[in-house]
Number of protein chains: 4
Amino acid sequence: MAKSSSTKSREENGAPRGRKGDRADEIVTAAFEEFTVKGYAGTRLEDVASRAKVSKGLPYLYFKTKEELFKAVVRSVLTPAFDEMRELMLASDLPSEDFLKGPFLAFLQDLVKSRRMLIARLLISEGHKHPELTRFYYDHVVSKGIAALRAFIDRGVERGELKPTGLHDFPQLLVAPALMAVTWRSCSRPMPISTPMSF
Amino acid sequence: MAKSSSTKSREENGAPRGRKGDRADEIVTAAFEEFTVKGYAGTRLEDVASRAKVSKGLPYLYFKTKEELFKAVVRSVLTPAFDEMRELMLASDLPSEDFLKGPFLAFLQDLVKSRRMLIARLLISEGHKHPELTRFYYDHVVSKGIAALRAFIDRGVERGELKPTGLHDFPQLLVAPALMAVTWRSCSRPMPISTPMSF
Amino acid sequence: MAKSSSTKSREENGAPRGRKGDRADEIVTAAFEEFTVKGYAGTRLEDVASRAKVSKGLPYLYFKTKEELFKAVVRSVLTPAFDEMRELMLASDLPSEDFLKGPFLAFLQDLVKSRRMLIARLLISEGHKHPELTRFYYDHVVSKGIAALRAFIDRGVERGELKPTGLHDFPQLLVAPALMAVTWRSCSRPMPISTPMSF
Amino acid sequence: MAKSSSTKSREENGAPRGRKGDRADEIVTAAFEEFTVKGYAGTRLEDVASRAKVSKGLPYLYFKTKEELFKAVVRSVLTPAFDEMRELMLASDLPSEDFLKGPFLAFLQDLVKSRRMLIARLLISEGHKHPELTRFYYDHVVSKGIAALRAFIDRGVERGELKPTGLHDFPQLLVAPALMAVTWRSCSRPMPISTPMSF
DNA sequence: GATGAATGAGGATTCATTCAT
DNA sequence: GATGAATGAATCCTCATTCAT
């Protein structure tokens, strides 16, 4: 998340860069940490500001409201994560199972280890309060990820590398273990992330 | 929650309000609905009260604080759900796969259809703010459910009905689809709950 | 205080007797203890009720409001205390100084030792919120006590036993040490009550 | 309280509101007035705020809780009062009786006339709810005042100006008349403060 | 008379947001 | 642009008081 805007997302969140380290980015980063730890309602903008080492009023210069900041946080994590996954799916030409057990698993494990998956908990807990956000991201980001997964599955089936199963209809099951790991962990018990196989 | 008032008051029908009133139950039910819809912080006790058709102050007569009420809600949903599951696992002697595809799947589908699984979202989103609650329920309720699942798997393996897989180590994967369904749905997209097959 | 209504104050506070121990008295006694410890605002009628071993609603059967109960408490302590003092002043014919150093000092010391003087703190802290009470008691009870003290002083002066001093004008100084002792003690430091002499 | 803002803001005149605003001082002053009139429990922070002409929330910016504000009030009155007294005792070299009947009496009379002595009533009525406050002030402020009084008395005795009496043991009796005056007045009846003589 | 469940006004406290500097 | 003092709506919780039983 830290480097989310390093690629291309400069102007969409209206952040000025400034050579001494994008304040907006620092605020978003701090907000991410606060939000994932305390939840939306539990996060005080003042704490976000302190964590970002800026004054209490500054976040309002970049983000009109707390909700806008929240959306910026989701944006800054989700978009890169799904972009990465899509790139990954297209970049390899390994046999399906090898790919799943190799790079894809590694990707999921990284995801789970990184704090970025915590965004999942945020979406689960707060998503319904921000329906446009949820819908927007579902429609523009998540659905693309799912499409990529589905395309991957279909290709594997075509090649005879995968059995045609219900997976085509619910490709999200491929990432279910990662989600499971995160939700499970969030309920205080670590659960090792194993292969998404046996599917 | 389901059967909390089993002690002396009216049954499932809208019987006359008892004198001593299982108002506590009505409050817990109302609170469950508010909490699942609005989250912990977003729920106003006053709304819980109105929903339960009682005065603003009454919830405090039964639950010292908002947190106590929250705990009571979790308790009232979680305990019966896990008890039910354990009973189910012990009650049947069908071949493992038949059981999983039959009664067990039906149970999960019921669970997902019922609003009770919404408690999962609550635990995911708010659990970390109530660590003792989480730990208590993990230790006393969840772990028993997991043990039951594991026993079931082991029995199936012994009988040669199931292949020995990593499932023994993470039996919670058996309910993962249900959890997936709920979390997915909570992000605004319905996802049919299918068989926990391929297991 | 305990036995305040044993003498003559039965009907004025509307208390029924009932052979098994005047409930009203028990409530007043309990209230006295709560009020002196917690102050007026800090006292919960529910705690008064528990202390008196009666139900939460009972005090309202005897005392229309919390304030009425408070007044009853003041009444039950002040009246007997001043009555006692007046009787004392009239009962003796010792030389003035002997009387002051003997029975009168003993009386003050008893007063201070007893919990009854705590009523002073109540009047100091809460008196201004109950002006009619204060005025009534000043006019009907306190002023009689002062008059008795003044009469005693004047008699002593007439007899040549006491020097004519400002004491005539502020006879309350005779009890000042007792008041001092109580107020001082209430600020957490015990102060022995010595002779009201050297006056 | 009197000179609390001695650091950098306007003096006794209604000078322009400073930018950084010694709002804290204004709030403490307003709180002092509310507390002395209404008591601790009876004071609504909202009223304090209005009296100080600030918003409801501002007091919480300076004082975490109502209790902290209360402590600040006590501090702001007590400390200067006792400091003043100690300075007074050391500053003069008049014969003991002249000092008592002159500057010291004047000091007490001023004290009683000023509203500062009302703090005494606060301590009497609310002190027991704030034991650390009471103890702290006793140990650090009051006891020093008493020590100064005792030193003064002893010096007088050494010089043969005062008779050795119990006063050495309870020097607080020197201020008893002032305390008496205040407590008495608080019970609605003014009592002139006369000489602390006859001691 | 007694009980204790129920009511609801009232007050402490928090925090998103604004704005003068 | 930055700052942080100030605002005030919102919400938890308490408790005097009422009332059905």
With nearest nucleotides of DNA chain F determined for Lys53(D) and Tyr40(B) from heavy-atom distances, which residue corresponds to the more 5′ nucleotide?
Lys53(D)
Can you work out whether Thr65(B) or Glu67(C) has the more 5'-proximal nearest nucleotide on DNA chain F?
Thr65(B)
Could you tell me whether a side-chain N or O of Lys66(A) sits under 3.5 Å from a main-chain N or O of Arg44(A), the two making a donor and an acceptor?
no
Between dT17(F) (P) and Leu69(C) (CG): distance, integer Å:
10 Å
Could you tell me whether the side chain of Arg121(B) reaches within less than 4.5 Å of the side chain of His128(A), counting heavy atoms only?
yes
Nearest whole angstrom, please: distance from the P of dA16(F) to the CZ of Phe70(C).
14 Å
Counting heavy atoms from C-beta on, name the nucleotide in dG8(E), dT17(E), dT7(E) closest to the side chain of Leu58(B).
dT7(E)
With the side chain defined as heavy atoms from C-beta on, Lys56(D) is closest, among dG8(F), dA2(F), dA16(E), to dG8(F)
Any N or O donor-acceptor pair under 3.5 Å from the base of dT17(E) to the side chain of Lys64(A)?
no
Axis bend over the full length of the helix from dA2(E)-dT21(F) to dT21(E)-dA2(F), computed from five pairs that close each end, to 10 degrees:
10°
Are Leu123(D) and Leu78(D) side-chain neighbours, meaning at least one heavy-atom pair lies under 4.5 Å?
yes
Given 3.5 Å as the limit, does a donor-acceptor pair link the side chain of Tyr40(D) with the main chain of Glu67(D), or not?
yes
Starting at atom CZ of Phe35(D), determine the distance to atom C1' of dG11(E), rounded to an integer number of angstrom.
13 Å
Starting at the 5' end of DNA chain E, which residue's closest nucleotide do you reach first, Gly42(A) or Val54(C)?
Val54(C)
How about Lys38(A) and Lys129(B): do any of their side-chain heavy atoms sit closer than 4.5 Å?
no
To the nearest 0.5 Å, atom OG1 of Thr36(A) lies from atom CD1 of Ile119(A) at 7.5 Å
If the cut-off is 4.0 Å, is Tyr60(A) near the phosphate of dG4(F), judged by side-chain N/O to OP1 or OP2?
no
Regarding the side chain of Ser55(C), the nearest nucleotide among dG11(E), dT3(E), dT17(E) is dT3(E)
In this structure, how many angstroms lie between the P atom of dA10(F) and the NZ atom of Lys38(B), rounded?
14 Å
Mind checking if Ser50(C) touches a base, just sugar-phosphate, or nothing, with heavy atoms under 4.0 Å?
nothing
OP1 or OP2 of dA5(F) sitting under 4.0 Å from any side-chain N/O of Arg23(D)?
no
Would you mind telling me which residue lines up with the more 5' stretch of DNA chain E, Thr43(A) or Thr43(D), judged by nearest nucleotide?
Thr43(D)
Return the value, rounded to whole Å, for the distance between atom CZ of Phe63(D) and atom C1' of dT14(E).
18 Å
Is the shortest side-chain heavy-atom distance between Ile124(B) and Ser125(A) below 4.5 Å?
no
Just the rounded figure in Å: distance from P of dA16(F) to NZ of Lys129(C).
13 Å
Of the listed nucleotides (dG11(E), dT11(F), dA6(E)), which one gets closest to any side-chain atom of Arg44(D)?
dG11(E)
Using a cut-off of 4.0 Å on non-hydrogen atoms, how would the nucleic acid contact of Lys66(B) be classed: base, sugar-phosphate, or nothing?
sugar-phosphate
Would you kindly give the CG-to-C1' distance between Leu45(D) and dT14(E), to the nearest whole Å?
13 Å
Between C1' of dT18(F) and CG of Leu61(B), the distance in whole Å:
14 Å
Taking the side chain as everything from C-beta on, heavy atoms only, tell me whether Val48(B) gets closer than 4.5 Å to Phe35(B).
no
